[in-house]
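The block underneath contains the structure these notes are about, expressed in structure tokens.
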Amino acid sequence: MNPIDLLLEPLAYDFFVRALVASALVGVACAVVGSFVVLKGMSFIGDAVSHAAFPGIVIAYMLGLPIILGGAVAAIGTALGIGALTRRSGLRADSIIGVLFAGMFALGVALFSSIPNYVGDLFHFLFGDVLGISLSDMIALSALVVALLLVIRALWKELLFATFDPLGAGAAGLPVRRLDDLLLILIAVTIVISLQAVGIVLVVAMITTPAATAQMLVKRFGQMILVAALIGVTAAVAGLYLSYALDLASGAAIVLFETALFLVVLLFTSLRGRRAA
Amino acid sequence: MNERVAPSVIEGRTPFSRSEGRAVTISSVSAGYGDRAAISDITLDLARGSLTAIFGPNGGGKSTLLKCIAGLMKPWSGTIEVLGAAVGVHAARVAYVPQAEQVDWSFPIAVDEVVAMGRTPRIGPLGRAGAADRAAVAEALERVDMAGLADRQIGELSGGQRRRVFIARAIAADAEIYLLDEPVTGVDPVTQEKIMNILDAEAARGKTVVATTHDLACAAQRFHDVVALSERVVAHGPAQLVLDREVLEKTYGGHLVPLADGGVVLLDDPHHSHGSHEGHE
């Protein structure tokens, strides 16, 4: 089979096209939000929030509500809880994150284990199943990604100022605390819409890796977001084809592609740096 | 009680009336962290167009006072007025320049992007930078003599250039009040001279410039006024009128060593005496 056929063949399947669109959108959303996350040093919060979505998903399932809604409520609640407790408790942020991260996930596991005769697949929550995405889920996901990108487009200057120099931004009258909370909400929403594609365990990579890779390549923040988004889309498409061709789990294939790209760029930039030095 | 009242009229300078000429009015302000006070009962007026250095020992409350004026810290008690209104009302006309060590210099951001941040409060949310904003950024870079470096990532700059970027941001913001935390710490004398020339020019065109510093020589020689701060205001006024042995002793306490000829010498703060100077430009 020639390479063109290899690329075209899976496009004959509706489920593959839906997965392709969904993964690419998720790739962009994660990379854009991830650029702020990486520069604020908040990757660990991303991991915590994704695990914290689990009990919300289980509760929504038990009550017969939309799963994405349950996940969103739990994720946003935990994200804002981390922000509020960090300000008030006097404990270090990573301690609070560690406590809430494991505590919420344990609640999810406990609730999950209490469901009698549950036939759904835990594996899909944990590791994603983008090839199983329905048309209506894909439309909802697209709408959420567009909304997310519009919010960031509207408040881009403010978010950048508050991320780069919170003191200067605060003195200039920007509502730094509310912008921080907004960023936490954006992280939570991004994670929830990404769960179907890559699952709870791997979503942090979709957020962190493209942005961290881009940071090594650029000198301007505007470029960083564009490059990160490009990496996010490329990895989503490449990962999905890999998953199809080699019969691998789709989320893992996407994340492995991103990780490989990160390592290549790391090697390339450190070699270049050594030559210049 | 241990406060000295500064002469309000200085030879060769226009006196300001108490109500009109003040950029910042601080009345009986105390503030701190946890239950430890950093500044106590501060009463201070800063005139429009003044160039004021706040100096004193580590932990003497310099940064705390600056943060209270900037609205970044809430005083425990007392009131602060900025440009005739409560702190925060005119925030868009206040620019804060953080200490160099508080900035992430590896942040992937270019010089013109940092300066453009100064325009953010003016443009407002949803808006995008227009021709006037780009012109303001270009002019600000011109003023600090960095027009050719607009595209550089900030980590590629020398120590002096790094500080000038943030001063350019204040200029681009068209702020009335510049609050700078340690703008000349850790730079060599030539760089320091360059920064002070810029700040001097800003004050000359009516901007109110307030800087904290550890460098007593720079404070005394290059600023119009000094504030000696050691939790309380020990003295405020032109250095040549208010700086004397008594003021320095009250400000620095044990860090002063008396000399045989009757003078005193100030031992540098241990925190800063070993700091290596950043690259010469």
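In what follows, every heavy atom counts, from backbone to side chain, and hydrogens, waters and symmetry copies are set aside. Worth saying up front: this structure is predicted, and the values here are computed from it rather than measured.
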Check each atom of [X] against the heavy atoms of chain A and say whether the ones under 4.5 Å are side chain, backbone, both or neither.
| X | result |
| --- | --- |
| B/R93 | neither |
| B/V94 | both |
| B/V114 | side chain |
| B/I154 | side chain |

Check each atom of A/L167 against the heavy atoms of chain B and say whether the ones under 4.5 Å are side chain, backbone, both or neither.
both
Measure the spacing between [atom1] of [X] and [atom2] of [Y] and express it to the nearest 0.5 Å.
| X | Y | atom1 | atom2 | answer |
| --- | --- | --- | --- | --- |
| A/D165 | B/D104 | CG | CG | 11.0 Å |
| A/F161 | B/M117 | CZ | CE | 6.5 Å |
| B/L126 | A/E158 | CG | CD | 8.0 Å |
| A/K157 | B/R128 | NZ | CZ | 8.5 Å |

Where does the angle between the aromatic ring planes of A/F164 and B/F166 fall among parallel (under 30°), tilted (30 to 60°) and perpendicular (over 60°)?
parallel
Kindly check if the number of other-residue, nucleotide or ligand heavy atoms within 6.0 Å of [atom1] ([X]) is above 12?
| X | atom1 | answer |
| --- | --- | --- |
| A/K40 | NZ | yes |
| A/R92 | CZ | no |
| A/R178 | CZ | no |

Does some side-chain heavy atom of A/L160 sit less than 4.5 Å from a side-chain heavy atom of B/T120?
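Counting from C-beta outward, B/T120 and A/L160 never come under 4.5 Å.
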With the side chain counted from C-beta on, respond yes when B/P108 and A/L39 share a heavy-atom pair under 4.5 Å apart, and no when they do not.
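Counting from C-beta outward, B/P108 and A/L39 do come under 4.5 Å.
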Taking B/D151 first and then A/R220, would you say they form a salt bridge - that is, a charged N and a carboxylate O separated by under 4.0 Å?
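Counted as a salt bridge, because a side-chain N and a carboxylate O are separated by less than 4.0 Å.
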Shortest non-hydrogen contact from B/P125 to A/L155?
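Scanning both residues, the minimum pair turns out to be CB-CD2, 3.6 Å.
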Top residue by heavy-atom pair count (under 4.5 Å) with chain A, among B/D112, B/V87, B/I69?
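Sorted descending by pairs with chain A, the first entry is B/D112.
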May I ask you to name which of B/G124, B/A129, B/G34, B/A170 has the most heavy-atom pairs under 4.5 Å with chain A?
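Ranked by heavy-atom pairs under 4.5 Å with chain A, first place is B/G124.
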Which one, A/G173, A/A172, A/G222, leads in non-hydrogen pairs under 4.5 Å with chain B?
A/A172
